[in-house]
Amino acid sequence: MKKGDHLFLVDGSAYIFRAFHALPPLTRKSDGLPVGAVAGFCNMLWKLLREARDTDVGVTPTHFAVIFDYSSKTFRNELFSEYKANRSEPPEDLIPQFGLIRDATRAFNLPCIESEGYEADDIMATYARMAEVAGADTTIISSDKDLMQLVTDHVSMYDSMKDRQIGIPEVVEKFGVAPEKMIDLQALTGDSTDNIPGVPGIGPKTAAQLLQDFGDLDTLLERAAEIKQNKRRENLIEFADQARLSRQLVTLKTDTPIEIDLDGLRLEPQDGPKLIAFLKAMEFNSLTRRVAEATGTEAGEVDAAAVEIKAGSAARGPDLDKGQASDPVRVEASSVAALTPKALAAKRAEAAAGANFDSDAYVSVRDVETLDQWIADARAAGVLAFSSQTNSLDPNQAELTGFSLCSTAGKAAYVPLDHKSGSSDLLGGGLVEGQIPQGEALGRLKALLEDDSILVIGQDVKYDWLVMRRHGVTISRLDDTMLMSYVLDAGTGAQVRESLCDRWLGHAPIAYKDLAGTGKKALTFDMIDIAAATRYAAEDADITLRLWQVLKPRLVAKGLIAVYERLERPLVSVLARMEARGISVDRQILSRLSGEFAQKAAAIESEIFDLAGGSFNIGSPKQLGEILFGRMGLPGGSKTKSGQWSTSAQVLEDLAAEGHELPRRIVDWRQLTKLKSTYTDALPGYINPQTNRVHTSYSLAATTTGRLSSSEPNLQNIPIRTAEGRRIRTAFIAGKGNKLVSADYSQIELRVLAHVADIPQLRQAFADGIDIHAMTASEMFGVPVDGMPADVRRRAKAINFGIIYGISAFGLANQLAISRSEAGEYIKTYFERFPGIRDYMDETKAYAREKGYVETIFGRRAHYPDIRSSNPQVRAFNERAAINAPIQGSAADIIRRAMIRIENRLDASGLAAQMLLQVHDELIFEAPESEVGRTIAVVREAMENAAMPAISMKVPLHVDAAAADNWDEAH
DNA sequence: TAGAAAACGTA
DNA sequence: GTACGTTTTCTAG
């Protein structure tokens with residue numbers, strides 16, 4: 001166990017008593033066996049394991065154990081024979097549940113820990129202190145005040161029934177003393193339920209006051225004579241020994257003998273079939289369904305486990321007496337129930353590969369009664385593959401044409417809502433008969449898709465989310481097969497429907513263009529014949545469900561479910577909301593700029609023609625090459641891969657530096673026409689007529705490293721480097737009464753490098769907040785930071801960037817316009833000064849070669865199958881990419897984590913700010929003018945701590961933030 | 001008309 | 001030297 005890990009300790013014995021009294025009685029349906037406390041326990045464990053991040057605990061466990069009392073006789077009875085002597089027998093209905101709760105723990109694949117002669121509290125105390133020594137954090141799932149003495153900066157408690165975290169401030173608030181004083185406080189007050197005597201007449205309030213006045217128990221007892229109140233003074237003197245005994249009784253042992261060490265508590269993947277076998281035996285139907293869906297297990301294929309219930313006194317679990325630990329769940333050796341996650345994933349893949357698609361079996365739903373039947377089926381299944389069909393690719397404009405449903409493989413339906421008849425018809429464009437009125441269908445859909453007990457599965461579900469939201473429906477629980485595939489296979493190919501379908505299901509789905517045609521004449525979906533639309537759309541949902549059945553268990557088997565659930569799935573709705581908001585763009589500014597750029601470009605154009613001695617298409621590199629290197633006879637630089645002379649800016653700049661005028665002008669012309677065509681002319685066309693804002697589309701699954709990408713329009717490449725380009729940013733403006741807030745990570749990739757490669761000088765420099773490039777230059781060239789020439793720093797900066805990109809002498813030489821041998825010398829010097837970087841690079845390359853992928857610090861994988869290529873160029877390229885991916889990808893993961901948290905943080909602070917854009921290391925918000933300061937504080941806090949608690953970075957993250965009326969000034 | 005190539009905007 | 005998306009030109013069909 002190490003720093004950054006998080007141990008969860010569940011106080012099993014306390015939980016069962018509390019649940020028994022707090023929860024409504026529940027009996028197993030078939031035989032009336034009382035199982036209410038077991039049900040509560042299972043639900044809590046499931047919630048902790050699956051949704052820990054959504055609760056106030058705010059963290060996800062890496063280690064996990066459930067601790068029980070073993071027997072009622074412990075070492076405390078030797079200190080004080082009356083300890084817990086007044087405990088009465090547990091209720092009859094609770095007795096059989098003691099054994100079951102242990103069975104449940106094992107079914108969850110969790111360690112079930114108890115120790116003879118010790119209470120659960122002592123075992124938890126021991127583990128918590130061990131974890132603290134290891135630098136890890138602990139959360140104790142209990143609200144028992146006896147455990148509050150354990151609370152520190154690294155140990156907190158969590159009351160699962162009230163969803164409340166108990167840290168140092170909460171203890172102080174409740175008892176008026178810090179956690180470490182709880183022992184003294186309990187020694188004074190005693191505890192009637194445990195029969196701990198304490199000092200008569202002293203309750204919690206008095207005890208807290210006394211401890212505040214005197215510091216601790218020993219001092220208090222020594223100086224008891226100073227107390228003014230007669231009775232209190234006398235009692236403290238008379239019962240001093242009793243207080244000391246009480247203190248011994250309430251002090252938890254932190255050196256309990258431990259059989260399983262901390263590493264043995266590492267959280268193992270959920271074993272779906274094993275858990276489902278137990279839940280089925282308990283007849284916990286809704287939890288069974290949820291577990292099945294989350295673990296990708298087909299509940300119907302799993303037999304109920306044979307769970308042995310001991311009746312009467314024989315059932316007395318170890319909670320009560322010397323009894324033996326009950327048998328583990330005996331999962332019957334049914335073929336499926338015994339499958340490991342790996343075997344299940346393999347079995348699913350095998351079954352799916354031979355799947356049969358029968359488009360004749362698909363149904364068009366044309367009346368409400370039939371729709372209700374399909375909805376009932378979805379509810380029974382608890383899962384629903386859903387696909388919206390629309391008349392536009394733009395989810396911010398699309399109207400719903402119909403939707404398809406599938407909850408059982410092979411059984412899918414299409415519900416047409418807004419299909420129009422063909423234009424050849426005399427009354428062309430009319431609604432086709434026999435479609436459910438949209439309002440009726442949407443009402444039913446809303447109830448279904450917003451229901452928390454239904455998991456909605458989509459392929460690229462962000463699109464459906466946006467479309468449905470515009471129709472008043474907010475999809476709540478979702479899974480996305482595209483994102484599952486991305487987590488499993490980023491780097492091995494596009495995560496699109498067709499390739500996934502071919503790869504996993506061995507099936508080529510109906511192509512959209514076969515349905516609608518292509519190009520200008522392409523039909524929108526509402527113009528497509530309903531029979532054909534049904535074959536296409538129902539198949540779409542069928543494919544999605546089957547892919548989900550294959551991919552979900554695969555995520556579990558590969559240990560990637562956490563990456564999917566923590567870094568991918570929660571971002572779907574976050575990004576959807578950002579896209580829906582859009583950003584305000586000032587048409588006038590763009591139009592003015594466009595005119596200006598056009599004028600300047602025209603002027604340059606005539607200069608160019610004068611210099612070239614005739615007109616030609618300046619935008620054609622081919623014609624330009626002929627003029628420059630043919631007609632004018634300038635010395636050609638490099639060639640492109642198709643053998644043409646390169647006319648890249650680099651080549652032209654070099655020629656300009658030699659005093660040639662034409663190349664200089666070409667570069668200027670290109671800059672202006674680029675800005676005009678890509679930005680000032682194109683952006684207004686993206687302004688949505690309804691919202692008057694520009695809505696980009698983010699892709700979650702487009703990059704190998706985990707970065708997002710933005711398109712239509714791409715708002716991640718708005719110019720900033722040149723003064724001319726920057727002016728485009730002034731057109732991105734805040735709405736009335738608002739400001740744009742820009743918050744960006746400073747040097748996040750170099751910080752990640754310092755963390756993963758663990759470079760002492762880099763860590764120190766970041767810790768001290770000094771100029772990292774200057775530090776590098778100083779180390780390499782021996783030049784003091786003070787008064788360093790700009791060029792020396794520039795070279796070091798290029799090297800630092802080069803390192804992140806998987807440096808080569810060739811690339812560095814190009815960048816710095818120096819010889820390759822000189823660049824090689826620089827690199828050699830760099831590695832001598834920072835040997836850890838070379839080690840990191842070598843290790844990463846070796847890892848990638850062996851595994852075929854590399855991982856970010858959060859476990860995201862990027863695949864590089866070609867790293868084993870026999871072609872040295874291909875191999876070298878893949879090696880550089882593999883070196884870069886953990887750095888770029890970890891930074892991408894960090895900002896993803898920030899984005900996932902930030903909405904709630906703003907909300908909780910009562911701030912109205914809205915996140916609009918992400919540009920890899922920068923987030924843009926729109927915030928009311930009066931809240932700018934507080935917004936920046938909340939955003940910065942969330943971004944700087946985004947790696948926590950999963951990873952404790954070895955360098956601090958730093959965020960710069962500013963606000964202004966437009967993006968140029970805010971950045 | 002679709003797709004590749006060249007160029008260039010961002011982190 | 002890493003990671004992207006969009007534009008224009010040019011070519012192949």
Side-chain angles (χ1 to χ4, degrees), chain A residues 490-491 513 517-522 616-625 638-652 666-667 669-679 681-683 685-686 696-699 702-722 724-726 728-729 744-745 747-750 753 798-816 820 823 826-827 841 854 862 864 876-889 891-892 895 917-922 971:
Chain A
K513 66 176 191 311
T518 171
K520 268 191 210 156
K521 287 170 295 186
F616 65 102
N617 186 347
I618 308 174
S620 164
K622 193 168 170 254
Q623 292 182 34
L624 178 64
S638 55
K639 292 251 182 103
T640 67
K641 59 183 162 194
S642 61
Q644 293 214 17
W645 286 113
S646 168
T647 65
S648 66
Q650 180 67 62
V651 170
L652 300 182
I666 301 283
V667 169
W669 181 88
R670 277 194 183 154
Q671 201 213 130
L672 288 165
T673 52
K674 172 84 177 179
L675 294 177
K676 183 171 182 293
S677 67
T678 309
Y679 302 104
D681 288 354
L683 279 172
Y686 286 105
T696 183
S697 172
Y698 287 104
S699 174
T703 70
T704 306
T705 54
R707 275 193 176 178
L708 304 179
S709 77
S710 156
S711 62
E712 292 184 298
N714 180 356
L715 295 186
Q716 290 180 324
N717 72 343
I718 302 302
I720 192 167
R721 285 178 196 186
T722 65
E724 299 267 69
R726 266 191 104 105
I728 290 163
R729 291 198 168 214
D744 66 291
Y745 284 108
Q747 309 279 16
I748 189 169
E749 294 191 346
L750 276 175
L753 175 68
I799 294 168
N800 276 334
F801 275 97
I803 293 295
I804 291 170
Y805 299 152
I807 202 154
S808 75
F810 180 81
L812 186 64
N814 268 340
Q815 177 68 30
L816 288 177
R820 267 175 73 179
Y826 280 7
I827 295 170
M841 292 176 131
V854 291
Y864 294 96
F877 175 78
N878 278 272
E879 285 174 355
R880 289 193 297 271
I883 288 167
N884 171 257
I887 302 169
Q888 189 187 114
I895 198 166
L917 302 177
Q918 189 250 41
V919 193
H920 307 308
D921 64 359
E922 176 188 14
H971 185 81

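A quick note: this is a predicted structure, and the numbers were derived from the prediction, not measured. Letters A, B, ... are given to chains in the order of the sequence lines, protein chains preceding strands, and every chain is numbered from 1.
Between the CD atom of A:Gln644 and the P atom of C:dT9 there is a distance of 14 Å, rounded to whole Å. For A:Gln671 and C:dT6, the CD to P distance is 21 Å, given to the nearest whole Å. As rounded to whole Å, 16 Å separates atom C1' of C:dT6 from atom CZ of A:Arg670. As rounded to whole Å, 13 Å separates atom C1' of C:dT7 from atom NZ of A:Lys676. Across the protein-nucleic acid pair, A:Tyr686 atom OH and C:dT6 atom C1' stand 8 Å apart, rounded to whole Å.
Atom-to-atom distance recorded for A:Asn800:CG and A:Gln747:CD is 8.0 Å, nearest 0.5 angstrom. Taken from CG in A:Asn617 to NZ in A:Lys622, the straight-line distance is 11.5 Å, to the nearest 0.5 Å. In this structure, CG on A:Leu652 lies 12.0 Å from CH2 on A:Trp669, to the nearest 0.5 angstrom.
Nucleic acid contact for A:Ser648: sugar-phosphate only, since backbone atoms but no base atoms lie under 4.0 Å from a heavy atom of the residue. Across all strands, A:Phe801 comes closer than 4.0 Å to no nucleic acid atom at all (heavy-atom distances). Base engagement by A:Ala798 is indicated by at least one non-hydrogen atom pair under 4.0 Å involving a base atom. Residue A:Ala891 is classed as having no contact, given no heavy-atom separation below 4.0 Å to the nucleic acid. Counting any heavy atom pair closer than 4.0 Å across all strands shown, A:Gln815 reaches a base atom. Nucleic acid contact class of A:Ala885 (heavy atoms, under 4.0 Å, all strands): none. Among the protein residues, A:Gln623 comes within range of the sugar-phosphate backbone only, with heavy atoms under 4.0 Å from sugar or phosphate atoms but none that close to a base.
Contact annotation: the side chain of A:Ile666 approaches that of A:Leu624 to within less than 4.5 Å [non-hydrogen atoms, C-beta and beyond].
Distance alone, capped at 3.5 Å, is enough to place a donor-acceptor pair between the A:Arg729 side chain and the A:Ile718 backbone. A:Thr696 places a side-chain N or O within donor-acceptor distance of the main-chain N or O of A:Pro713, the cut-off being under 3.5 Å. Of the possible donor and acceptor atoms, one in the side chain of A:Thr673 sits under 3.5 Å from a partner among the backbone N and O of A:Arg670.
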Within the sub-3.5 Å range, which N or O atoms of nucleotides 2-4 of chain C have a protein N or O partner, and how far apart are they?
| unit_1 | atom_1 | unit_2 | atom_2 | d |
| --- | --- | --- | --- | --- |
| C:dT2 | OP1 | A:Arg880 | NE | 3.1 |
| C:dT2 | OP1 | A:Arg880 | NH2 | 3.3 |
| C:dT2 | O2 | A:Gln888 | NE2 | 3.3 |
| C:dA3 | O4' | A:Gln888 | OE1 | 3.3 |
| C:dA3 | O4' | A:Gln888 | NE2 | 2.9 |
| C:dC4 | OP1 | A:Thr704 | N | 3.1 |

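Nucleotides of DNA chain B that come within less than 4.0 Å of any heavy atom of chain A span, from the 5' end to the 3' end, B:dA2 to B:dA11.
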Give the table of side-chain donor-acceptor pairs shorter than 3.5 Å for residues 876-889 of chain A, with sequence neighbours excluded, one pair per line with atom names and distance.
| unit_1 | atom_1 | unit_2 | atom_2 | d |
| --- | --- | --- | --- | --- |
| A:Asn878 | ND2 | A:Val874 | O | 2.8 |
| A:Glu879 | OE2 | A:Arg849 | NH1 | 3.0 |
| A:Asn884 | OD1 | A:Gln888 | NE2 | 3.2 |
| A:Asn884 | ND2 | A:Ile804 | O | 3.0 |
| A:Gln888 | OE1 | A:Thr705 | OG1 | 2.7 |

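Of all non-hydrogen atoms in A:Tyr698 and A:Gln716, the two that sit nearest each other are CE2-NE2, 4.0 Å.
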